[in-house]
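Worksheet: the structure to be examined is printed underneath.
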Amino acid sequence: MVAIVARDNLNNILRLAAKKVQASSALQAEILAVEFGSQLCLAQGWNNAILFSDAQLVAIAVALRRTPQWDFTFLCLPLFSLLNSCNISVCWIPRVTNKSTHALVSWALRSGHVGFFSTWEIDPYVATILFLID
């Protein structure tokens, strides 16, 4: 499962989303999360966006347009092509500053929710993290 917490430049929540993915490793899940975030940005018309990831290896791979491992080439090349078609970048942030996304993905996994949600649809504990932590 991967999740997206989309915020504007004032830190207001614009969109919450989760998607079930098949991943054989945390690195693969992080790549799929960046792809999901990029697709969400383009679908919303957010052509100038910054995606934040707590996977430093993924952020570096995207910036250099180099696959972090040869066996992820099949995932990375389409992602790099997608990112080359717009102005979406990926920045690394420490995991401790990404608590809202981890809380959302944990809730979505436990509750079985996928797709887009509003803040009033999620668990109150997760909503508190979304509004107070990040």
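Cluster annotation: L40 and V58 are assigned to the same hydrophobic cluster (Ile/Leu/Val/Met/Phe/Trp/Tyr, side-chain heavy-atom contacts under 4.5 Å, transitive). At a threshold of 4.5 Å between side-chain heavy atoms, the hydrophobic network of Ile, Leu, Val, Met, Phe, Trp and Tyr places L79 and F74 in one connected group. I88 and V2 fall within a single hydrophobic cluster, where Ile, Leu, Val, Met, Phe, Trp and Tyr are joined by side-chain heavy atoms under 4.5 Å apart, directly or via other members. Cluster membership for L32 and V62, using ILVMFWY side-chain heavy atoms within less than 4.5 angstrom, is shared. A continuous path of hydrophobic side-chain contacts links V5 to V126 [ILVMFWY only; heavy atoms under 4.5 Å].
Between V21 and F36, the closest side-chain pair of non-hydrogen atoms is not below 4.5 Å. The closest side-chain heavy-atom distance from I13 to F131 is below 4.5 Å. Using a 4.5 Å heavy-atom threshold, the side chains of C41 and N47 count as separate. Two residues are said to be in side-chain contact when any heavy atoms from C-beta on lie closer than 4.5 Å; M1 and W107 fail this criterion. Side-chain atoms of I31 and P68, non-hydrogen and from C-beta on, do get closer than 4.5 Å to each other. Counting only heavy atoms from C-beta outward, the side chains of L51 and S89 never approach each other to under 4.5 Å. Contact check for F52 versus N98: no side-chain heavy atoms found under the 4.5 Å cut-off. Put simply, the side chain of L14 reaches to within 4.5 Å of the side chain of W46, judged on heavy atoms.
Here the straight-line distance linking atom OG1 of T101 with atom CZ of R95 works out to 10.5 Å at 0.5 Å rounding. Here the CD atom belonging to Q39 is positioned 12.5 Å from the CD atom belonging to Q44, to the nearest 0.5 angstrom. Considering CZ of R7 and CG of L16, their distance stands at 8.5 Å, rounded to 0.5 Å. Between the CG atom of L75 and the CD atom of Q69 there is a distance of 11.0 Å, given to the nearest 0.5 Å. Here the straight-line distance linking atom CD of Q28 with atom SG of C76 works out to 9.5 Å at 0.5 Å rounding. To the nearest 0.5 Å, the span separating CG on L104 from CZ on F117 amounts to 5.5 Å.
When every heavy atom of V114 is checked against every heavy atom of K20, the shortest pair comes out as CG1-N, 4.0 Å. What you find for A17 and F116 is that their closest heavy atoms are CB-CD2, 3.6 Å. Shown here for P94 and D54, the closest heavy-atom pair between the two residues is C-CB, 4.1 Å. Scanning all heavy atoms of the two residues, the minimum distance from H113 to A18 falls at O-CB, 4.1 Å. Closest of all the heavy-atom pairs between E35 and L82 is O-CD2, 4.4 Å. When all heavy atoms are compared, the tightest approach of V90 to V34 is CG2-CG1, 3.7 Å.
For the pair S53 (side chain) and A55 (backbone), a donor-acceptor distance under 3.5 Å is present. Listed for the S106 side chain is no donor-acceptor partner under 3.5 Å among the backbone atoms of H102.
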Yes or no on side chain to side chain contact (heavy atoms under 4.5 Å, CB included) for L57 and W92, after CA distance, side-chain angles and deciding distance? CA-CA 9 Å; L57 190 58; W92 174 77; over 6 Å; no
Please determine whether side chain to side chain contact (heavy atoms under 4.5 Å, CB included) holds for the pair L83 and S38, giving the CA-CA distance in whole Å, both sets of side-chain angles, and the decisive distance to 0.1 Å. CA-CA 7 Å; L83 293 172; S38 301; 3.3 Å; yes
Evaluate the criterion side chain to side chain donor-acceptor pair (under 3.5 Å) for residue pair N48 and N87; output intermediate values, then yes/no. CA-CA 5 Å; N48 291 317; N87 191 24; 2.7 Å; yes
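Heavy-atom contacts from other residues, nucleotides or ligands closer than 6.0 Å to OH of Y125 number 12 or fewer. Remark: R66 CZ is loosely packed, at most 12 non-hydrogen atoms of other residues, nucleotides or ligands lying under 6.0 Å away.
Inspection of the S81 and N84 side chains reveals no N or O donor paired with an N or O acceptor under 3.5 Å.
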